[in-house]
Amino acid sequence: MTANVAEEKTPAVPVWNDRAVSVSERVDALIGAMTLREKIAQLYGVWVGASDEGGDVAPHQHDMEEAVDLDVLLPAGLGQLTRPFGTAPVDPALGALSLMRSQARIAAENRFGIPALAHEECLAGFAAWGATAYPVPLSWGATFDPVLVRRMAAAIGRDMRSVGVHQGLAPVLDVVRDARWGRVEETIGEDPYLVATIGTAYVQGLESAGIVATLKHFVGYSASRAGRNLAPSSVGPRERADVLLPPFEMAVREGGARSVMHAYTDLDGIPAAADEDLLTGLLRDTWGFDGTVVADYFGIAFLTTLHAIAGDWADAAGAALRAGVDVELPTVKTFGTPLEEAVTDGRVPETLIDRALRRVLTQKTALGLLDGDWTPLPPALTGADLDTPDTLRGSIDLDSPANRALARTLAEEAVVLLSNDGILPLTAPRRIALLGPNADEPTAVLGCYSFPQHIGVHHPHSPLGITLPTLRDTLTAEFPDAEFRAVRGTGIDDGDTSGIPEAVRAARDADIAVVVLGDRAGLFGRGTSGEGCDAESLALPGAQQHLLDALLDTGTPLVTVLLAGRPYALGRATDESAAIVQAFFPGEEGTHAIAGILAGRLNPSGRLPVSVPRTPGAQPTTYLGPRLAHANNVSNIDPTPAFPFGHGLTYTTFHWTDLTVDHHEAPTDGAFTLALTIRNTGRRPGTETVQLYLHDPVASVVQPLQRLIGYTRLALDPGQARRLHVTVPADLASFTGRDGQRIAEPGTLELRLASSSTQPHLTARLTLTGPQRHVDHTRHLHAVFVVGQEPVARA
């Protein structure tokens with residue numbers, strides 16, 4: 001009887017599958033049971049494409065990789081699956097089924113039943129066929145609204161998680177240093193505090209949905225010489241510490257990001273992928289980051305092919321592992337056989353493999369991928385008939401009405417009204433000339449990492465998967481009684497001027513002319529904006545400036561609309577256009593937002609996250625420069641922008657009054673408390689973006705003329721006023737001193753409360769007292785804004 005009971009006992013659960021055991025014990029036990037080949041297999045991914053019939057994923061071939069044989073690889077295991085949804089147009093339900101079946105196969109073919117971690121791009125929405133295309137990150141910055149960005153990221157994360165994805169390769173936390181760089185559209189702006197707060201909100205949203213957020217590109221990528229992609233970056237330690245690093249620091253400390261992607265670039269001769277001081281010393285030892293560091297695609301191989309600091313693949317793999325890179329993406333190359341042989345012959349110590357593996361397995365454990373009851377079934381397929389794939393087609397909606405509503409709200413807050421002579425909002429015009437290359441182009445609202453522009457362009461016979469109304473469509477709906485005449489005039493960058501005379505005739509015959517200019521997003525030269533699409537100058541691409549000037553000559557009131565990925569100099573249009581509206585690739589609902597603002601149905605509230613230049617060649621420059629970076633009498637080049645950082649108009653007016661300061665002095669470890677009143681003095685509801693800038697008149701090292709240290713959006717009805725209280729810790733005045741340490745030093749400061757970087761309304765002159773104080777990554781990062789609960793008296 002006893003023997004029979006013993007025979008019927010359930011086999012013991014392996015330690016690594018037992019949720020009752022601590023994560024560290026589970027991981028240690030698994031590492032101890034693995035062979036070298038099995039360990040290394042967890043440190044690389046394979047680039048795959050899901051099957052549109054629901055079958056297994058298939059390896060994707062790229063011109064920078066060799067063929068991959070899954071039958072050979074899978075018995076040892078597999079760390080990651082690269083972009084199963086983002087490689088080709090695949091119905092989401094069938095893609096989820098394909099990923100599910102592949103995960104079951106991966107787990108079944110290795111000794112420990114470990115599935116892969118699946119990652120996808122999600123820069124402006126889940127980069128999958130049929131998924132919502134949200135505004136690009138530059139538009140997130142234009143909202144100055146972290147709460148809304150957090151909501152968007154959570155929605156993106158839920159969609160990704162529902163179909164079996166674990167990790168998202170976003171957000172981009174590079175601070176714009178040169179707007180000629182093609183990837184400006186992927187950034188949040190030119191100010192580190194704006195980038196940090198908006199980017200951290202995105203991380204929080206994505207992580208709240210269970211998706212591993214990946215911070216990129218760590219660090220210095222956006223500071224490349226002349227704005228050229230992958231060019232070397234000439235950045236000193238102070239610029240790196242005070243401009244480029246703060247967004248990553250905040251996203252690690254407050255966002256809870258679980259992954260970081262190294263940059264392609266080198267800083268002063270050290271490629272990020274081989275920078276131990278950066279990836280281990282700063283990121284882990286100082287900031288306390290305990291997640292995974294993943295390679296930017298092919299970045300480890302680039303240590304050999306582009307940077308030439310490694311003689312072969314094994315040397316490259318060893319350099320990356322020593323620096324702190326844990327996972328090779330997008331596919332196996334240096335971390336495969338070359339790394340295994342390098343460990344065997346003693347060139348790379350196995351302890352480096354174990355270190356990276358421990359981080360990878362810890363993350364997989366946290367995701368539930370090592371649990372004994374793990375299932376490859378994604379939530380979206382629960383209860384579905386998995387045996388008849390054709391019945392699944394169209395059953396998963398990644399572009400829900402709720403998603404579209406959120407995309408529209410974000411677009412509405414992101415559109416920036418740059419100038420307006422009173423012509424906007426338009427009042428029932430009878431004849432409208434709708435001109436320019438982006439007026440009737442559906443994809444003009446999309447960035448380069450949207451699925452249609454990133455992948456769909458390679459599959460011209462596949463439908464877009466989402467609805468993209470053009471500005472012609474939405475303006476026609478806003479003004480149903482108007483007569484429209486649409487003329488393209490010229491292309492984005494073809495230089496063709498033959499259509500300009502017809503556009504001029506249309507403008508002359510109209511009451512109002514609306515010209516829609518800007519960019520075409522693409523990659524590596526296929527567009528005018530996007531990765532590898534850098535610009536020689538910030539002149540409008542192609543013949544667009546010729547079209548713009550010709551339309552100004554007609555005398556018909558001209559409204560200039562930009563659908564673009566970067567700011568452009570507009571020549572005489574800066575002063576002569578009746579109005580200028582800037583939208584940074586505002587996503588699938590973007591033209592509804594623009595049309596609503598032109599018609600007056602919406603009151604614009606967007607603010608510039610990057611300066612708009614007055615001349616095309618005064619680059620690189622941002623508002624965040626010291627005195628000599630601004631206009632002066634020692635250079636004939638005037639970099640003063642046409643429209644500054646933080647600028648944006650509305651259809652109402654605001655009055656700022658009654659600034660009070662509790663104490664004009666505070667110690668270097670103290671804080672200041674200010675209060676002011678803001679009233680809507682116009683006739684319609686509106687939102688004012690209150691921006692707080694710090695000016696340090698005399699410092700021990702050269703400082704920016706001013707820098708943003710806080711902001712808040714304040715919605716007010718006509719006549720309504722609110723009292724706004726602001727607490728400003730002295731830590732926000734800190735900077736990197738002469739000894740390389742961050743310091744808060746005594747002296748006079750100015751706190752400027754402003755509606756843009758060049759429009760201060762109220763200024764408090766204050767003094768920090770006491771000794772110079774060293775501060776570190778535990779310092780205060782934010783000013784605290786508190787809005788009075790009861791309105792001050794209405795006018």
Side-chain angles (χ1 to χ4, degrees), residues 121 123-125 127 133-142 170 172 174-190 217 221-222 224 226-231 411 414-416 436-439 441-457 468 471 490-495 516-545 548 560-570 581-588 590-591 594 608-613 616 619-620 622:
E121 298 284 359
L123 188 74
Y134 292 92
V136 299
L138 203 56
S139 274
W140 310 348
V172 170
D174 296 297
V175 178
V176 174
R177 304 302 284 159
D178 189 329
R180 294 173 296 180
W181 190 46
R183 304 190 79 165
V184 165
E185 64 173 73
E186 301 179 43
T187 73
I188 295 167
E190 68 182 41
H217 307 85
Y221 191 23
S222 60
S224 59
R228 294 180 61 244
N229 196 39
L230 269 69
V415 175
V416 185
N438 276 337
E441 173 52 58
T443 60
V445 294
L446 301 180
C448 77
Y449 268 79
S450 66
F451 188 89
Q453 296 301 90
H454 200 78
I455 303 299
V457 291
L468 295 176
L471 190 54
T490 187
I492 291 292
D493 58 347
D494 56 20
V516 192
L517 308 171
D519 280 315
R520 178 186 67 258
L523 282 90
F524 305 114
R526 294 193 298 271
T528 58
S529 173
E531 185 174 358
C533 297
D534 310 316
E536 292 183 358
S537 81
L538 295 183
L540 283 165
Q544 293 185 70
Q545 188 68 51
L548 185 53
T560 301
V561 177
L562 283 304
L563 287 167
R566 62 162 64 86
Y568 284 107
L570 302 176
V581 176
Q582 175 76 65
F584 297 109
F585 292 142
E588 63 184 49
T591 61
I594 295 169
L608 282 176
V610 286
S611 307
V612 173
Q619 289 296 316
T622 74

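Nothing fancy with the numbering, it's 1 onward along the sequence.
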Check your understanding: Between V610 and R566, does a side chain to side chain contact (heavy atoms under 4.5 Å, CB included) hold up when you go through it step by step?
Key -> CA-CA 8 Å; V610 286; R566 62 162 64 86; over 6 Å; no

**Study point:** Verdict with supporting geometry, Y568 and L517, side chain to side chain contact (heavy atoms under 4.5 Å, CB included)
**Key:** CA-CA 10 Å; Y568 284 107; L517 308 171; over 6 Å; no

Review point. Do L563 and I594 pass the side chain to side chain contact (heavy atoms under 4.5 Å, CB included) test, and can you show the C-alpha distance, the side-chain angles, and the key distance before you say yes or no?
Key: CA-CA 10 Å; L563 287 167; I594 295 169; 3.6 Å; yes

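Counting all heavy atoms, side chain and backbone alike, Q453 lies closest to L523 at O-CD1, 4.4 Å. Scanning both residues, A583 and V415, for their nearest heavy atoms gives CB-CG2, 4.4 Å. Scanning all heavy atoms of the two residues, the minimum distance from G530 to C448 falls at CA-SG, 3.6 Å. G565 and L138 get closest at one heavy-atom pair: O-CD2, 3.7 Å. The minimum heavy-atom distance linking T622 with R177 is given by the pair OG1-NH1, 3.8 Å. In terms of heavy atoms, P586 sits closest to S139 at CA-OG, 4.2 Å.
Inter-residue side-chain proximity for L570 and L540 is flagged as met; some heavy-atom pair is nearer than 4.5 Å. For the pair I188 and P609, the minimum side-chain heavy-atom distance is 4.5 Å or more. Contact annotation: the side chain of D178 never approaches that of S224 to less than 4.5 Å [non-hydrogen atoms, C-beta and beyond]. The side-chain heavy atoms of S222 and V176, taken from C-beta on, include no pair separated by under 4.5 Å. The closest side-chain heavy-atom distance from E588 to L468 is below 4.5 Å. Put simply, the side chain of F584 reaches to within 4.5 Å of the side chain of L608, judged on heavy atoms. Within the 4.5 Å cutoff, no side-chain heavy atoms of S450 are placed close to those of F585.
For Y221 and W181, the ring centers sit closer than 6.0 Å to each other.
Between atom CD of residue Q544 and atom OG1 of residue T560 there is a gap of 11.0 Å, rounded to the nearest 0.5 Å. Remark: E441 CD to T591 OG1 distance equals 12.0 Å, nearest 0.5 Å. Atom CG of residue L446 and atom OH of residue Y134 lie 14.0 Å apart, to the nearest 0.5 angstrom. S537 OG to R180 CZ: the interatomic distance, rounded to the nearest 0.5 Å, is 8.5 Å.
Of the residues listed (H454, E186, E531), the one engaging Y449 in a side chain to side chain donor-acceptor pair (under 3.5 Å) is E531, and it is the only one. The only member of T443, N438, T528, D493 that meets side chain to side chain donor-acceptor pair (under 3.5 Å) when paired with R520 is D493.
The environment of CZ in R228 is sparse: at most 12 heavy-atom neighbours from other residues, nucleotides or ligands sit within 6.0 Å.
A distance-only check finds no donor-acceptor pair linking the side chain of Q582 to the backbone of P567 [under 3.5 Å].
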